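One structure is given below, encoded as structure tokens.
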Amino acid sequence: MTTSPSYYDQIGGAPVVRDVVDRFYTLVLADGDLAPYFTDVNIPQLKRHMVMLLCSVLGGSETYEGRDLGAAHAGLGITAQHYAKVGDILLTLLRDGGVGDEILQHVALTLSTVQSSIVAEPVEAAD
Ligand code: HEM
């Protein structure tokens with residue numbers, strides 16, 4: 001019996017994911033709307049956690065050791081518009097790296113599933 005390789009294996013495993021995540025944060029941190037969220041953040045640790053998360057989403061054996069996504073993004077006030085921008089950056093990098101439609105759809109679906117834990121609608125100031 002043969003089993004088809006996981007998405008993780010199809011795209012080239014951890015080295016490819018690491019490369020995508022490096023490029024991802026380079027673009028995010030160069031974006032004037034997005035960079036301010038990351039002012040006080042430990043970027044190497046963030047990258048490490050994002051690599052583990054993306055690897056496991058793609059079917060690799062890595063275990064995600066970061067915080068729950070809701071807890072990690074609580075209080076940051078992330079808007080739906082900024083969320084969409086970040087998601088587009090990730091999907092574009094994967095597509096430009098030769099990742100096929102089926103895997104892109106899996107990642108896009110995962111992004112829409114976790115959106116509600118990450119996005120905070122701004123709280124209206126009480127008068
Ligand atoms: C698109 C889906 C997203 C995923 C999968 C994701 C994933 C992650 C992960 C894995 C961490 C690390 C948690 C930890 O170290 O415990 C993290 C932290 C963080 N994320 Fe996201 N993120 C996403 C969207 C965003 C967006 C849209 C923003 C802002 C525009 C953002 C800003 C941050 C910041 C500032 C931190 C660091 C928080 C801290 O260390 O206190 N994230 N994210």
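Counting convention: from 1, in listed order, for ligands and their atoms alike. This one's a predicted model, so the numbers in the text were calculated from it and none came from an experiment.
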Report task. Considering only NZ, NE, NH1 and NH2 on the basic side and carboxylate oxygens on the acidic side, decide whether Arg23 and Asp19 come within less than 4.0 Å. Result -> yes

Report summary line: Here the atoms of ligand 1 under 4.0 Å from any heavy atom belonging to Gly66 are 16 (O)

Requested in this report: Without swapping roles, check the side chain of Tyr83 against the backbone of Leu111 for a donor-acceptor pair under 3.5 Å.
Outcome: yes

Report task. Would you check if the side chain of Gln10 reaches a backbone N or O of Pro5 as a donor-acceptor pair within less than 3.5 Å? Result -> yes

Query raised in the report: Which atoms of ligand 1 are found less than 4.0 Å from any heavy atom of Val86?
Result: 1 (C), 27 (C)

Report summary line: Honestly, for Leu76 the part within reach of ligand 1 (heavy atoms, under 4.0 Å) is side chain

Query - Chi angles and distances behind the side chain to side chain contact (heavy atoms under 4.5 Å, CB included) call for His82, Asp33 - result: CA-CA 8 Å; His82 290 162; Asp33 290 334; 3.6 Å; yes

Query raised in the report: Roughly how far, to the nearest 0.5 Å, is CE of Met50 from CD of Gln45?
Result: 14.0 Å

Query - From CA spacing to verdict: side chain to side chain contact (heavy atoms under 4.5 Å, CB included), Tyr64, Val51 - result: CA-CA 9 Å; Tyr64 175 60; Val51 168; over 6 Å; no

Query raised in the report: Do any heavy atoms of Val41 fall under 4.0 Å from ligand 1?
Result: yes

Query raised in the report: At a 4.0 Å threshold, what atoms of ligand 1 neighbour a non-hydrogen atom of Ile118?
Result: 2 (C), 3 (C), 4 (C), 23 (C), 24 (C)

Query raised in the report: Would you say His73 has any N or O atom under 3.5 Å from an N or O of ligand 1, going by distance alone?
Result: yes

Report task. Mind running side chain to side chain contact (heavy atoms under 4.5 Å, CB included) on Ile89 and Leu34 for me, showing each step along the way? Result -> CA-CA 11 Å; Ile89 291 173; Leu34 303 175; 3.9 Å; yes

Requested in this report: Around atom 29 (C) of ligand 1, find the nearest protein heavy atom and jot down its residue, atom name and distance.
Outcome: Ile78 CD1, 3.5 Å

Query raised in the report: Just which atoms of ligand 1 are under 4.0 Å from any heavy atom in Tyr64?
Result: 10 (C), 13 (C)

Report task. Quick one: look up the protein heavy atom nearest atom 15 (O) of ligand 1 and list residue, atom name and how far away it is. Result -> His49 ND1, 2.5 Å

**Report entry** Shortest protein heavy-atom distance from atom 11 (C) of ligand 1, along with the residue and atom involved
**Finding:** Leu46 CD1, 3.4 Å

Query raised in the report: Hey, is Leu111 touching ligand 1 through its side chain, its backbone, both or neither, going by heavy atoms under 4.0 Å?
Result: side chain

Report task. Around atom 38 (C) of ligand 1, find the nearest protein heavy atom and jot down its residue, atom name and distance. Result -> Ala72 O, 3.5 Å

Query raised in the report: Between Leu29 and Ala35, which heavy-atom pair has the shortest distance, and what is it?
Result: O-CB, 3.4 Å

Query raised in the report: For ligand 1, is any non-hydrogen atom under 4.0 Å from Leu69's backbone (N, CA, C, O), its side chain (CB onward), both, or neither?
Result: side chain

Query raised in the report: Where do Val86 and Phe24 land on the side chain to side chain contact (heavy atoms under 4.5 Å, CB included) test, with the steps shown first?
Result: CA-CA 9 Å; Val86 166; Phe24 171 74; 3.5 Å; yes

Query raised in the report: Taking atom CZ of Arg18 and atom NZ of Lys47, what is their separation to the nearest 0.5 Å?
Result: 12.0 Å

Requested in this report: Identify, for atom 32 (C) of ligand 1, the protein heavy atom at the shortest distance, and state residue, atom and that distance.
Outcome: Phe38 CZ, 3.3 Å

**Report entry** N or O contact, Tyr83 vs ligand 1, cut-off under 3.5 Å
**Finding:** no

Query - Polar proximity ligand 1 side, Tyr37 side, N/O cut 3.5 Å exclusive - result: no

Query raised in the report: Please state which protein non-hydrogen atom is closest to atom 39 (C) of ligand 1 and give its distance, to 0.1 Å?
Result: Arg67 NH2, 3.3 Å

Query raised in the report: To the nearest 0.5 Å, how far apart are CG in Leu54 and CD in Glu62?
Result: 10.0 Å

Report summary line: Numbered in order shown, the ligand 1 atoms found under 4.0 Å of a heavy atom of Leu53 are 5 (C), 10 (C)

